[in-house]
Colleague: 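This is the structure, below, for whatever I ask next.
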There are 2 protein chains.
Amino acid sequence: METDRIIQGDCLGELPKLPDESVDVIFADPPYNMQLKNPLYRPNNTRVAGVDDGWDKFSSFMEYDSFCVSWLRECRRVLKPTGTIWVIGSYHNIFRVGNIMLNLGFWILNDVTWHKANPMPNFMGTRFTNATETLLWCAKSADCKKYTFNYEVMKRYNGGKQMTSVWRIKLCTGEERLKGNDGKRAHSTQKPEELLKRVILSSSRQGDIILDPFFGTGTTGAVAKKLNRRYIGIEKERDYVTLACARIGSITESDIFPEAGWV
Amino acid sequence: METDRIIQGDCLGELPKLPDESVDVIFADPPYNMQLKNPLYRPNNTRVAGVDDGWDKFSSFMEYDSFCVSWLRECRRVLKPTGTIWVIGSYHNIFRVGNIMLNLGFWILNDVTWHKANPMPNFMGTRFTNATETLLWCAKSADCKKYTFNYEVMKRYNGGKQMTSVWRIKLCTGEERLKGNDGKRAHSTQKPEELLKRVILSSSRQGDIILDPFFGTGTTGAVAKKLNRRYIGIEKERDYVTLACARIGSITESDIFPEAGWV
DNA sequence: TATAAAGGTGAATCCGCAC
DNA sequence: AGTGCGGATTCACCTTTAT
């Protein structure tokens with residue numbers, strides 16, 4: 001299978017073209033725009049009557065759930081039995097995603113907490129500062145016990161003690177944050193490379209194929225190359241694809257992470 | 001309504017007896033549906049005392065979901081519009097619980113991460129050390145904007161900086177851990193008082209009524225009294241009720257937390 | 001009495017192969 | 001599929017015992 005490529009297209013259309021059990025690791029950073037504030041319509045375009053708060057939101061949940069079932073089912077199909085999948089989300093969507101993953105038969109190995117070292121404060125003083133995102137790390141099923149986990153590598157990376165499920169990592173800012181021609185951030189949710197480094201380093205080996213169905217500006221691909229892994233990215237927006245291509249193309253020998261040879 | 005009382009009975013049977021919109025805060029620590037299969041041994045061959053209590057046995061996701069829908073729906077009914085609910089869980093159950101809460105119309109304010117300072121290691125090196133539990137803090141609905149959140153209190157409690165959604169707290173061990181006559185832990189999953197202290201201090205005022213439908217050995221009630229709040233506890237197991245009564249009854253003036261008067 | 005060493009334990013979905 | 005067995009595997013905190 002051709003690797004190290006970016007496919008421009010909707011993942012719902014492109015994932016079905018990948019063969020069964022062909023990728024080692026999946027990293028997915030899906031959108032979580034559930035649009036709960038807008039008028040609600042059922043799939044058949046009838047408006048939902050605002051009878052009850054719970055039901056009022058239900059149709060938009062259904063739409064989001066349906067989307068997630070589609071791409072997650074395809075992800076499960078293309079994942080090798082020895083592979084694992086990572087999905088990142090916030091409290092807005094991770095409970096719906098997690099529930100669906102369980103229903104599809106995925107087996108949770110860890111719920112990793114990305115503890116943001118520099119979260120945005122809560123200016124209104126109405127809640128606790130929202131300082132985390134959650135990564136669900138799952139095997140294909142409970143039976144799949146031969147998944148890759150580089151325990152010793154992560155222990156070494158963590159200074160000699162086994163790594164826990166809490167990762168304190170700064171937000172992606174400064175030099176690392178990709179800017180557009182207007183000088184503004186090119187992507188609203190670019191993830192820090194340190195996050196992907198831990199994901200890929202822990203759950204894959206050199207040469208493995210990493211699939212990212214929501215490639216964005218290509219952090220997954222960039223880190224995969226810096227760790228001597230292969231990648232397949234799927235991204236709908238042409239501008240992001242262009243950025244990702246340039247970003248990954250500019251990686252040189254000097255960018256390779258020291259940990260690249262650990263597995 | 002009579003408060004500061006422990007009701008011995010199943011919460012599915014007892015919750016319906018409480019009036020609509022009658023409590024200010026709910027803290028719920030439901031069974032996690034852990035699905036443990038084989039015994040686990042430490043490297044020194046001692047066996048880990050797992051949670052194999054009967055109350056944590058469910059035959060399927062469907063059965064667990066159905067159970068949660070029932071008690072969560074009742075919780076929503078008895079919660080005041082100005083009130084909030086906390087539910088704690090691990091990755092085994094929190095995604096099912098969170099999904100159900102969203103479907104019932106609850107509005108997530110924070111997903112608070114209990115970062116355990118001293119979690120049990122992963123002995124076999126198969127995963128990251130599971131170092132967290134998650135607390136979902138929710139309003140009754142998206143419209144309920146007048147919920148209680150003592151922002152300044154928590155900021156002060158946190159040393160002058162606004163408190164974030166990550167709480168680093170030690171496990172409940174040592175003197176605080178209730179022991180049975182045999183000297184062994186009285187309850188498999190007793191929560192640290194520090195956790196409840198933050199829950200109650202942040203989301204209630206003096207005199208408020210705190211409901212705990214899975215009272216266990218009464219940590220919620222004990223902390224409520226130490227913070228000058230009222231409580232209602234529901235607990236099925238008679239032994240736990242006995243312990244909780246004695247525990248709360250022995251609280252004296254000297255046990256009151258210094259923060260009790262902050263709100 | 002103070003300090004050090006030894007022991008116990010925690011909501012855990014914790015091995016892999018041969019027969 | 002179930003069983004048996006060889007072998008590899010741990011961190012922070014608290015309590016108890018020893019020096």
Colleague: Could you write out each protein N or O paired with an N or O of nucleotides 4-6 of chain D at a distance under 3.5 Å?
Modeller:
none

Colleague: Is the charged tip of B/Arg96 near the ring of B/Tyr64: under 6.0 Å from the six-membered ring centre and within 45° of its axis?
Modeller: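 Geometry flag: not set, cation outside 6.0 Å or 45°.
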Colleague: Write down the distance separating the C1' atoms in D/dT19 and C/dT1, rounded off to the nearest Å.
Modeller: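 It works out to 12 Å between them.
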Colleague: Which value, in whole Å, describes the distance between the C1' atoms of nucleotides D/dT10 and C/dG8?
Modeller: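 After rounding to an integer number of Å, I get 14 Å for this pair.
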Colleague: Quick check on ring pair (Phe, Tyr, Trp, His ring centres under 6.0 Å): which of B/Tyr157, B/Trp114, B/Trp86 does B/Trp167 satisfy it with?
Modeller: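 Result for ring pair (Phe, Tyr, Trp, His ring centres under 6.0 Å) with B/Trp167: B/Trp86.
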Colleague: Taking only side-chain nitrogens and oxygens of A/Tyr151, does any of them come within less than 4.0 Å of OP1 or OP2 of D/dA8?
Modeller: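 No.
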Colleague: With a 4.0 Å cut-off on N to O distance, would you call B/Arg230 and B/Asp208 a salt bridge?
Modeller: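 A salt bridge is absent here (no side-chain N lies under 4.0 Å from a carboxylate O).
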Colleague: Taking the six-membered ring where the residue is Trp, are the ring centres of B/Phe149 and A/Phe128 under 6.0 Å apart?
Modeller: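 Judged by ring-centre distance (under 6.0 Å), B/Phe149 and A/Phe128 do meet the cut-off.
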Colleague: Going by an N to O cut-off under 4.0 Å, is there a salt bridge joining B/Lys225 and B/Asp4?
Modeller: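 Yes, charged N to carboxylate O under 4.0 Å.
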Colleague: Please write out each protein N/O paired with an N/O of nucleotides 8-10 of chain C under 3.5 Å, distance rounded to 0.1 Å.
Modeller:
from, atom 1, to, atom 2, distance (Å)
C/dG10, OP2, B/Arg185, NH1, 3.1
C/dG10, O5', B/Arg185, NH1, 3.3
C/dG10, N7, B/Arg42, NH2, 2.8
C/dG10, O6, B/Arg42, NE, 3.2
C/dG10, N2, B/Asn118, O, 3.4
C/dG10, N2, B/Pro119, O, 3.1

Colleague: Is A/Lys161 near enough to D/dA12 that one of its side-chain N or O atoms lies under 4.0 angstrom from OP1 or OP2?
Modeller: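 A/Lys161 to D/dA12 OP1/OP2: side-chain N or O found under 4.0 Å.
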Colleague: Base, sugar-phosphate, or nothing: which does B/Pro192 touch, judged by heavy atoms less than 4.0 Å apart?
Modeller: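 No contact at all - B/Pro192 keeps every heavy atom at 4.0 Å or more from the nucleic acid.
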Colleague: Give one of base, sugar-phosphate or nothing for B/Trp55, where a contact means two heavy atoms less than 4.0 Å apart.
Modeller: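 Answer is base: heavy atoms of B/Trp55 come under 4.0 Å of a base.
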Colleague: Of all of residues 64-74 of chain B, which get a heavy atom below 4.0 angstrom from DNA chain D, listed by number?
Modeller: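 Result for residues 64-74 of chain B: none.
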Colleague: Using a 4.0 Å heavy-atom cut-off across all strands, classify B/Asn122 as base, sugar-phosphate, or nothing.
Modeller: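 Counting heavy atoms under 4.0 Å across all strands, the contact made by B/Asn122 includes a base.
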Colleague: Taking the six-membered ring of A/Phe257 (Phe, Tyr or Trp), confirm whether the NZ or CZ of A/Lys197 is under 6.0 Å from its centre and within 45° of its axis.
Modeller: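 Yes; both conditions hold, so A/Lys197 lies above the ring face of A/Phe257.
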Colleague: Looking at A/Lys145, does any N or O in its side chain come under 4.0 Å of the phosphate oxygens OP1/OP2 on C/dG16?
Modeller: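 For C/dG16, OP1/OP2 do not have a side-chain N/O of A/Lys145 under 4.0 Å.
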Colleague: Counting Watson-Crick and G-U wobble pairs whose two distances are both under 3.5 Å, find the runs of 3 or more in a row that involve DNA chain D.
Modeller: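 Runs of three or more consecutive pairs: C:2-10 with D:11-19, C:15-19 with D:2-6.
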Colleague: Atom pairs under 3.5 Å, N or O on each side, protein against nucleotides 17-19 of chain C: can you list them with distances?
Modeller:
none

Colleague: Hey, does the Lys NZ or Arg CZ of B/Lys57 hover above the aromatic six-ring of B/Trp55, less than 6.0 Å from the centre and inside 45° of the axis?
Modeller: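 Geometry flag: not set, cation outside 6.0 Å or 45°.
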Colleague: With a non-hydrogen cut-off below 4.0 angstrom, is B/Glu133 in contact with a base, only sugar-phosphate, or nothing?
Modeller: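 Answer is base: heavy atoms of B/Glu133 come under 4.0 Å of a base.
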Colleague: For B/Thr46, check side chain to side chain donor-acceptor pair (under 3.5 Å) against everything at least two apart and list the hits.
Modeller: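 Checked B/Thr46 against side chain to side chain donor-acceptor pair (under 3.5 Å); matches are B/Arg42, B/Asn44.
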Colleague: Which nucleotide sits closest to the side chain of A/Glu152: D/dC13, D/dT9, C/dA11?
Modeller: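 The nucleotide sitting nearest to the side chain is D/dT9.
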Colleague: When rounded to the nearest Å, what value does the distance between P atoms of C/dA12 and D/dT9 take?
Modeller: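 Their P atoms lie roughly 22 Å apart.
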Colleague: Under the 6.0 Å and 45° cation-pi test, does B/Lys140 pair with B/Tyr147?
Modeller: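 Output no; distance or angle outside limits.
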Colleague: Measuring only the C1' atom in each nucleotide, how far is C/dG16 from D/dA1? A whole number of Å is fine.
Modeller: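 Going atom to atom, C1' in each nucleotide, I get 15 Å.
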Colleague: Touch check for B/Asp29, heavy atoms < 4.0 angstrom, all strands: base, sugar-phosphate only, or nothing?
Modeller: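 It contacts base atoms.
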Colleague: Find which nucleotide of DNA chain D each of B/Arg168 and A/Lys155 is nearest to by heavy atoms, and output the residue with the more 5' nucleotide.
Modeller: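 In this pair, the answer is A/Lys155.
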Colleague: Would you say the base of C/dA12 and the side-chain of B/Lys37 have a donor-acceptor pair closer than 3.5 Å?
Modeller: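 Looking at the base of C/dA12, it does not pair with any donor or acceptor on the side chain of B/Lys37 (distance under 3.5 Å).
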Colleague: Here's one to test your reading of the geometry: is the NZ or CZ of B/Arg76 within 45 degrees of the ring axis of B/Phe106 and under 6.0 Å from its centre?
Modeller: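 Yes.
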